[in-house]
Amino acid sequence: MLELKNIVKYFNKGTPSETIAINHLNLQIKPGDFVTVIGGNGAGKSTLLNIIAGSVEADSGLILLNDVDMSFVNEHKRAPYFGRVFQDPMSGTCADMSIIENLTIAYGRGRPRTIFKWFLQRKDMDYFTQQVKSLDLGLENRLNEKVGLLSGGQRQAITLLMATMRQRPSEKVIKRDYVRFCETDKAHAKEAVNLAFLEAKKAKKDSIKELKQKGLSKAERQVELEKINTAYEKAISEYDLTKQILLLDEHTAALDPKTASKVLEITEKIVDEHQLTTIMITHNMKDAIRYGNRLIMMSRGKVVVDVSGEEKKKLTVEHLLNMFQVASKDDAMSDSAILG
Ligand SMILES: Nc1ncnc2c1ncn2[C@@H]1O[C@H](COP(=O)(O)OP(=O)(O)OP(=O)(O)O)[C@@H](O)[C@H]1O
Ligand SMILES: [Mg+2]
């Protein structure tokens with residue numbers, strides 16, 4: 001759970017150009033929430049994401065991640081918990097490096113030794129190829145080409161992969177962080193996580209035993225074995241509180257409409273697959289309605305509309321524009337929001 005409590009952020013405080021970018025903002029985002037964020041130019045959307053990621057420091061207020069106060073944790077230390085994609089397709093990848101080199105660096109994030117380990121293991125290479133293939137852009141055949149040669153949409157798709165792929169933390173680390181993040185009853189949390197891991201291991205062992213008695217072909221056995229491993233990973237992953245939060249700041253705004261919708265589809269697929277908590281800023285009202293399970297509208301540094309679930313599904317662009325006009329009558333509004 002990500003919680004923002006009473007966040008205030010001024011720019012140029014005490015000068016004639018003083019601006020309040022975030023004005024006593026409160027927000028709670030549950031694990032697995034996919035929140036779309038809309039609002040006029042200057043409403044404070046990017047500042048909000050910057051404060052969450054730690055690239056901008058709030059003047060006051062608390063940022064809690066799984067009940068732990070992150071307010072004074074610097075951007076670098078917060079990085080493993082957040083994946084970011086910005087508007088500019090050039091900003092997320094390194095143009096002079098190949099797709100594979102970019103992915104290798106992202107994969108090694110938070111694990112300094114692997115950054116310098118340029119020789120790739122076969123396992124990693126297979127994983128990268130499969131990930132790039134899942135984008136369905138044919139880029140799996142261009143893994144050794146420089147990223148600078150790719151189109152903006154292709155680069156954003158690679159950036160999305162880079163922002164979301166990571167090596168699952170070791171079981172020891174998952175257990176440690178689970179207990180660390182449970183502020184209330186640590187002894188109980190420790191017992192619960194240990195028991196869950198033991199049960200998952202036992203279930204895996206039993207399934208493998210059963211599998212051996214089934215007399216399947218080698219290929220069939222391989223398929224079943226993969227299913228058993230996936231079930232095990234899922235059971236463990238439920239206790240992994242350090243899963244990333246994906247922060248998207250108009251990541252499709254610089255792309256043509258067709259490419260933008262392809263990148264959005266990819267985004268949704270990645271979010272579903274990894275069950276990521278996601279915050280996506282967009283000026284396109286249709287996209288804000290179509291994607292995610294919750295929509296918030298910001299105006300002058302505050303959340304002025306917060307709609308989720310069934311209520312969100314019923315929203316229309318006209319409806320949203322009305323709400324927008326009422327909520328932000330004094331704000332500037334971009335053309336793309338009106339046209340969206
Ligand atoms: N580094 C900065 N220095 C001074 N003022 C800033 C800075 N960053 C943001 N601001 C101001 O804070 C306010 C909120 O800006 P922010 O970039 O968060 O808006 P936004 O909602 O992302 O707008 P847009 O839709 O145009 O991207 C604006 O008035 C902006 O001018
Ligand atoms: Mg912005």
Side-chain angles (χ1 to χ4, degrees), residues 2 4-27 29 34-61 63 71 74-75 78 82-92 152 156 159-160 163 245-255 257 260 263-264 267 278-289 291-292 294-307 317 320-321 323-340:
L2 176 68
L4 304 179
K5 289 191 176 169
N6 216 9
I7 301 283
V8 176
K9 176 66 190 176
Y10 281 89
F11 285 108
N12 307 318
K13 196 158 191 195
T15 72
S17 55
E18 178 176 298
T19 316
I20 183 155
I22 302 291
N23 189 358
H24 298 276
L25 180 140
N26 289 291
L27 188 63
I29 297 180
F34 184 161
V35 186
T36 54
V37 185
I38 56 169
N41 295 122
K45 305 178 297 297
S46 297
T47 307
L48 174 68
L49 252 53
N50 286 333
I51 287 174
I52 293 173
S55 47
V56 164
E57 203 181 311
D59 299 333
S60 58
I63 304 158
S71 316
N74 71 30
E75 186 181 12
R78 280 189 221 182
F82 298 99
R84 302 191 77 180
V85 185
F86 297 92
Q87 181 172 344
D88 181 4
M90 307 303 143
S91 68
Q156 282 305 64
T159 310
L160 267 171
I245 294 180
L246 183 58
L247 305 174
L248 308 169
D249 193 347
E250 298 187 52
H251 71 306
T252 57
L255 309 174
V263 171
L264 280 170
T267 307
T278 304
I279 308 178
M280 178 174 98
I281 298 175
T282 176
H283 275 289
N284 185 309
M285 299 239 180
K286 273 191 208 144
D287 293 340
I289 293 170
Y291 293 94
R294 184 172 168 196
L295 177 150
I296 64 174
M297 186 187 289
M298 285 185 69
S299 172
R300 279 173 286 165
K302 279 182 188 287
V303 173
V304 290
V305 173
D306 189 343
V307 190
V317 172
L320 213 50
L321 273 169
M323 283 156 108
F324 197 108
Q325 267 146 14
V326 173
S328 54
K329 43 186 184 308
D330 302 327
D331 290 2
M333 186 170 172
S334 79
D335 291 344
S336 55
I338 298 167
L339 298 171

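Each ligand, and each atom within it, is numbered from 1 in the order the structure gives. In what follows, residues are counted from 1 in the order of the sequence shown. Side-chain atoms are counted along with the backbone in the values below, which use heavy atoms only and exclude waters and symmetry mates.
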Would you mind checking which non-hydrogen protein atom is closest to atom 16 (P) of ligand 1, with the distance to 0.1 Å? Thr47 OG1, 3.5 Å

Chi angles and distances behind the side-chain contact (heavy atoms from CB on, under 4.5 Å) call for Phe11, Thr47: CA-CA 10 Å; Phe11 285 108; Thr47 307; 3.9 Å; yes

Nearest non-hydrogen contact with atom 28 (C) of ligand 1 belongs to which option: Ser17, Ala253, Ala21, Gly42? Gly42

Using modelled atom types and a 3.5 Å cut-off, is there a donor and acceptor pairing between side-chain atoms of Thr19 and backbone atoms of Ala21? no

Quick one: do Leu27 and Val35 satisfy side-chain contact (heavy atoms from CB on, under 4.5 Å)? Show the steps, please. CA-CA 11 Å; Leu27 188 63; Val35 186; over 6 Å; no

Going by a strict under-4.0 Å cutoff (protein heavy atoms only), does atom 30 (C) of ligand 1 have a neighbour on the protein? no

Under 4.0 Å from one or more heavy atoms of Thr19, ligand 1 contributes atoms 29 (O)

Test side-chain contact (heavy atoms from CB on, under 4.5 Å) on Leu49 and Val56 and set out the steps. CA-CA 9 Å; Leu49 252 53; Val56 164; over 6 Å; no

NE2/His283 to CD/Gln87 distance, rounded to the nearest 0.5 angstrom? 8.0 Å

At a 4.0 Å threshold, what atoms of ligand 1 neighbour a non-hydrogen atom of His283? 25 (O)

How far is atom 9 (C) of ligand 1 from the closest protein heavy atom, and which atom is that? Phe11 CE1, 3.3 Å

So, taking the atom named OG in Ser60 and the one named NE2 in His24, what distance separates them when rounded to the nearest 0.5 Å? 6.5 Å

the protein heavy atom lying closest to atom 26 (O) of ligand 1 turns out to be Asn41 ND2, 2.9 Å

Suppose we measure from atom 17 (O) of ligand 1 to each protein heavy atom; which comes out shortest, and what is that distance? Ser46 CB, 3.8 Å

Please determine which of Leu247, Asp249, Leu248, Thr36 meets the side-chain contact (heavy atoms from CB on, under 4.5 Å) test together with Ile279. Leu247

Check this for me - ligand 1, Leu48, N or O atoms closer than 3.5 angstrom, yes or no? no

Could you tell me whether atom 21 (O) of ligand 1 has at least one protein heavy atom nearer than 4.0 Å? yes

2.8 Å cut-off met by an N, O or S atom of Gln87 to the Mg ion (ligand 2): no

Going through the checks in order, is the side-chain contact (heavy atoms from CB on, under 4.5 Å) test met by Val85 and Gln156? CA-CA 8 Å; Val85 185; Gln156 282 305 64; 3.7 Å; yes

With a cut-off of 4.0 Å, which atoms of ligand 1 are near a heavy atom of Glu250? 25 (O), 27 (O)

